[in-house]
Enquirer: 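Sharing a structure with you now.
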Amino acid sequence: MPDLLTIDEALAAVLARAPSLGAETVAVARAAGRVLAEDAVAAVDLPGFRSSAMDGYAVRVADGSGSRRIVDRSAAGRPAHRALGPGEAIEISTGAVVPDGADAVVPVEEVVVDGESVTVAVVQEGDNIRPVGGDVTAGAVVAEAGSVVGPAQVGALAAAGIAEVRCGRVPRVAILPTGTELRAPGDTLGAGEIYESNGVMLAAQVASAGGLADRLPPVGDDPDATRAALARALDADVLITSGGVSVGPHDLVRGTLAELGAEEVFWRVSMRPGKPIAFAVRRSTLVFGLPGNPVSSLVGFELFVRPALLALQGAAEPGPRFRPAVLGAPVRRGAERDALVRARTRVDGDRLVVDPLRGQESHMIVRSSAADALVLVPRGEGELAAGAAVSYVPV
């Protein structure tokens, strides 16, 4: 690998080493957030019968306008007991079976009811009738392999009579923060100590990417402790470390991983923040060494770890999925590295605008927490002007 990779080169190297973990059967009710390993096909037509789109009256178009005798009622789950004959109408509710002989439904707001008869105006064939299979036909694909199941897909699968789906196996992800200075939130801080935040943040990101996070206790900058902690964590499908991947005397992670048999694929990416990110493979375990600064960890996860977790689950488009926008304020460019600028999105007419936040330093996690976008600012001279076209990743 080159000494310093571009973002695209690093991402390609990660995805090339992130094969699907295989599939398992999952109940549809528990499939939200999972990646489909196979196409899910409808078990039934939807609707499975001609149904009414309105509360009203089922009629025959051939009878024209005028009065009809009300002879029955069709409610959801309780169809009419008979077919519709000439000069007749059947009261019907939304979702109910349209009786045989009827070819239109007149909304209740457009009729006049007088005792056992109803007067309707002119109607056209098919008005307010949902045809059999109008949404999906039995055997048709409801959701494609490689797609992530969301709430709408769960509803669609259930409505189509699908009780179980085949999904990619959930990756087991070990998260190991490193640093002697780290203390749990709520503890009393000593001189030079800080609260550990990367572990909880990364665990939340892993969960949002469909992974199963195992957040390990922080390990101090001690060679033996670091080796023991890494050896245990390497049993996971993915190991994410935070801190200890730069070039200082206390940066122990990369060397220890090499001693444990992990093959480093790359170290350092031409980006800001997050340049000293490391990626290694040990047998089937993917290892991401993220920088200790919290914003660097957050950015590194979104660009590389999240796509890897989705790829391991078989996602067809693991990302990251950049979207177009325009800058709301000028941004200075870096001559040597691409930047991921934290920003807020807003709509301005037909434009999606991204407004850079104040405070872009990699330790400023509180300010960065207000961002909902990571804006890619390519390397170059000078600055990108307000209104310039850019792309961003939602966060």
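What you see is a predicted model; the values in this text were computed from it and never measured.
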Enquirer: Around atom CZ of Arg344, are there more than 12 heavy atoms of other residues, nucleotides or ligands at under 6.0 Å?
Expert: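 Check passes, neighbour count above 12.
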
Enquirer: How about Thr226 and Thr178: do any of their side-chain heavy atoms sit closer than 4.5 Å?
Expert: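 No; the side chains remain at least 4.5 Å from each other.
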
Enquirer: Do the side chains of Val299 and Glu302 get nearer than 4.5 Å, heavy atoms only?
Expert: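 Result no, sub-4.5 Å side-chain heavy-atom pair not found.
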
Enquirer: Can you find a pair of side-chain heavy atoms, one from Pro378 and one from Asp338, that are under 4.5 Å apart?
Expert: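 The answer is yes; the side chains approach within 4.5 Å.
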
Enquirer: For the side chain of Arg254 and the backbone of Trp267, is there at least one donor-acceptor N/O pair under 3.5 Å apart?
Expert: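 Side chain of Arg254 to backbone of Trp267, a donor-acceptor pair under 3.5 Å: no, none is there.
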
Enquirer: Got more than 12 heavy atoms from elsewhere within 6.0 Å of CD, Glu263?
Expert: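 Not buried by this count: 12 neighbours or fewer within 6.0 Å.
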
Enquirer: Quick check on Asp114: does its CG atom have over 12 non-hydrogen neighbours (other residues, nucleotides or ligands) under 6.0 Å away?
Expert: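 Atom CG in Asp114 is not crowded, with 12 or fewer foreign heavy atoms closer than 6.0 Å.
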
Enquirer: Taking atom CZ as the centre, does Arg82 end up with more than 12 heavy-atom neighbours from other residues, nucleotides or ligands that are less than 6.0 angstrom away?
Expert: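 Result for CZ/Arg82: enclosed.
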
Enquirer: Let me confirm one number: the CG-CZ distance from Asp355 to Arg346, rounded to the nearest 0.5 Å.
Expert: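 Spacing of CG (Asp355) from CZ (Arg346) equals 4.0 Å.
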
Enquirer: Would Leu239 and Leu230 count as a side chain to side chain contact (heavy atoms under 4.5 Å, CB included) here? Give the steps.
Expert: CA-CA 9 Å; Leu239 166 59; Leu230 288 173; 3.9 Å; yes

Enquirer: Can you tell me if Ser117 and Arg69 form a side-chain donor-acceptor pair at under 3.5 Å?
Expert: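 There is no such pair between these side chains.
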
Enquirer: Measuring only between side-chain heavy atoms, which start at C-beta, is Phe279 closer than 4.5 Å to Val269?
Expert: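 They are not in side-chain contact.
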
Enquirer: Determine whether Leu4 and Lys275 make a side-chain contact, defined as any pair of heavy atoms from C-beta on separated by less than 4.5 Å.
Expert: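 In short, these two side chains touch, coming nearer than 4.5 Å.
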
Enquirer: Does Glu24 CD have over 12 foreign heavy atoms under 6.0 Å away?
Expert: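 Atom CD in Glu24 is crowded, with more than 12 foreign heavy atoms closer than 6.0 Å.
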
Enquirer: Do Ser297 and Gln205 have side chains that approach each other closer than 4.5 Å (heavy atoms only, starting at C-beta)?
Expert: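 In short, these two side chains do not touch, never coming nearer than 4.5 Å.
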
